[in-house]
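Heads up: the structure comes next, in structure tokens.
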Amino acid sequence: MLRIALKTLFGFHGKVIGMVVGLAVASLMMTQQPATMLSILTRTYSFVEDVSQPDIWVMDPMVQFVDDAKPLADSKLGLVRSVTGVAWAVPIFKTVTSARLPDGNTASGQLVGVDDASLIGAPAQMVSGRTADLHMTDAIFVNDEGAKLRFAQKQPNGTLRPLQVGDVLELNEHRAEVVGIAKTGPTFSSQPVIYTTYTRAKSYAPPQRKTMSFVLAKTRPGLDVAKLARQITRETGLAAYTADEFKDLSLWYFIKNTGILINFGMITLVGFIVGAVVSGIMFFNFTQDNLRHFAVLKAIGASARQLLGMVLLQATIVGVIGYGIGIGLASIMAMSSSTFQVKFTTGLLAFSAGGVLLICVLAAGFSVVKVLRLEPAVVFKA
Amino acid sequence: MLTVECKQLTKVYGTGETAVQALRGVDLAVAPGELLLLVGPSGCGKTTLISVIASVLNGTSGECRVLERDVLTMPNRDKPGFRLKHIGFVFQAFNLNPTLTAAENVAVPLLIAGWKYGKALARAKELLAQVGMPEKADVLPDQLSGGQQQRVAIARAFAQEPDLIVCDEPTSALDSKTGERVMHLIRDMTHRTHRSVIVVTHDARIFKFADRIVTMEDGRIVDTAAPSPSAAH
């Protein structure tokens, strides 16, 4: 019976192609758009992920997201260090600066100053160079995305050469030599990130009274990180978050204050609706066109369960093919973009699979009702 | 044991003022191995009668025993299994699935009954050979003539070796020669396998194939006769 169902399905090429295309479009849009949105949102807190050692971030209470750092007085560092349970605390400085490139061009980037002694806050993964090289005179790291894109230099033959170790930049009229290329997560603004020591970063940035952006703190072993964060808040009057809380804070700021969720959500919804309407109607029509054959099967003696199985199998097959094509297209689109990395998480794939499944269930549901209510006596009508 | 025995069978479509009485107390008996022709003007209740007998339509009152089971009181859930085992169908419009080969169409009742695909197909090919089409097993219906399609449908009706076969206008879509060939085939297979066949028809050319001709008018049986000597085979 299932073989009959499949042969009947594929016997109607045009309708099958229509159904598959509808589901593929739905699957593509329900995968690619949320994946793009999630990738963008992930960028809002990539800086927190790149700094892996501290488990508590301390900042001005008015900070709303990672790039919203409000300068703190250096004296606040001592306050945080004095809280019982803090193993260590180091400053980190984050600002935006303009860099003059070796070819004379200028480009803006984020400047991050990490603790002079421990280098805590420096990226954990290096593409070239060593973390300790940051102790060298005028040393800076540049993130690999920035080195390849914004800081890439035009060659006489028109090609772009990525920034390399040994290249020298000019930051606020100070010499800065690239001693390492760091592997970091992409930033929300796609700006290059320059890492250097805290003291050197202050000299690169325009003069200001307060320079410390965050205090990075580590909890003593065995203590509850979230509880210590609350304690730091109580004792210092500063906002203290665990790394995950700080990521959530940034994430929700962008969700609440930008149209990103609505825009991507709308496109995803449109994909679902288009897929549901196109594929649903085509599947319903396909079943309608075959009602007479279903009636013949019913008259011959096919049970409701067998007929239900046939319709469900047909819907499932169309769904699997459509979903597969949609995911394939989304993957090709993601791979074809060299500048924007899109990640497909298992949850996301499950989400789009659920959407396609829902379309198939709805289409099969409406269709099967017709089949099951069919009076087998219609077979005698000419 | 009679294959079919209807007593005072009625069927009413609709209710109230719009009700239509399609069968008005039909008494009919069909013996095993008998080929019975049901004739009469359009709307006289022929198709309704075979629909009730074949248990694809519920009767309203009376009794209709098929193989000693009253199809009027039979639970709906039992009917598909009963039809599958005991009743074969031949339709005016053939009703072959255009996406299946001739052999697959013949195998449909066997597949519904749970036969393995390969075994069902082998049996279907035997049946196609019996209806004179062994070479057409892998051909799609739209590549067959009307007569060939009807022969495939006949093979399908006999696939499960049912006790009763109901045929609705099996020759009306065919030319006279093909119609005769089809009726020859139905009669031969009926007598060879000792099955009962009820044929609804308007086609006087096939009266000669009947063992008995029952005439209906306004939902009643008005005449039962053997085919006339001039039409007899």
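Just so we're on the same page: letters track the sequence lines, and every chain starts at 1.
Looking at Arg83(B), its side chain never comes within 3.5 Å of a backbone N or O of Ala54(B) through a donor-acceptor pair. Looking at Arg156(B), its side chain never comes within 3.5 Å of a backbone N or O of Val108(B) through a donor-acceptor pair. Remark: side-chain polar atoms of Ser279(A) are paired, donor with acceptor, to backbone N or O of Leu23(A) under 3.5 angstrom. A donor-acceptor pair under 3.5 Å is absent between the side-chain atoms of Thr101(B) and the main chain of Asp138(B), judged by distance alone. Between the side chain of Asn105(B) and the backbone N or O of Asn97(B), at least one donor-acceptor pair lies under 3.5 Å. Remark: the backbone N or O of Met133(B) is not paired with any side-chain donor or acceptor of Gln148(B) at under 3.5 angstrom. Under a 3.5 Å cut-off, the side chain of Gln150(B) and the backbone N or O of Pro170(B) do form a donor-acceptor pair.
Side-chain contact of Tyr253(A) with Thr44(A): a donor-acceptor pair under 3.5 Å is absent, judged by distance alone. At a cut-off of 3.5 Å, with distance as the only test, no side-chain donor of Thr10(B) or Thr60(B) sits close to an acceptor on the other residue.
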Just do the side-chain contact (heavy atoms from CB on, under 4.5 Å) check on Leu297(A) and Met310(A) with the steps written out, would you?
-> CA-CA 11 Å; Leu297(A) 294 175; Met310(A) 288 177 75; 3.7 Å; yes
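Using non-hydrogen atoms only and a strict 4.5 Å limit, the part of residues 365-377 of chain A facing chain B consists of Glu375(A), Pro376(A), Ala377(A). Heavy-atom neighbours of chain B within the stretch residues 257-267 of chain A, taken at a separation under 4.5 angstrom, are nonexistent.
Both the sub-6.0 Å distance and the 45° axial angle are satisfied by Lys11(B) relative to the ring of Tyr13(B).
Interface remark: of the candidates Leu140(B), Leu84(B), Thr47(B), Val56(B), Val56(B) forms the most heavy-atom pairs closer than 4.5 Å to chain A. Taking chain B as the reference chain and counting heavy-atom pairs below 4.5 Å, the highest number among Gly301(A), Ala295(A), Ala304(A), Ala302(A) is found for Gly301(A). Each of Val52(B), Ile87(B), Leu57(B), Leu100(B) has some count of heavy-atom pairs under 4.5 Å with chain A, and the biggest count is that of Leu100(B).
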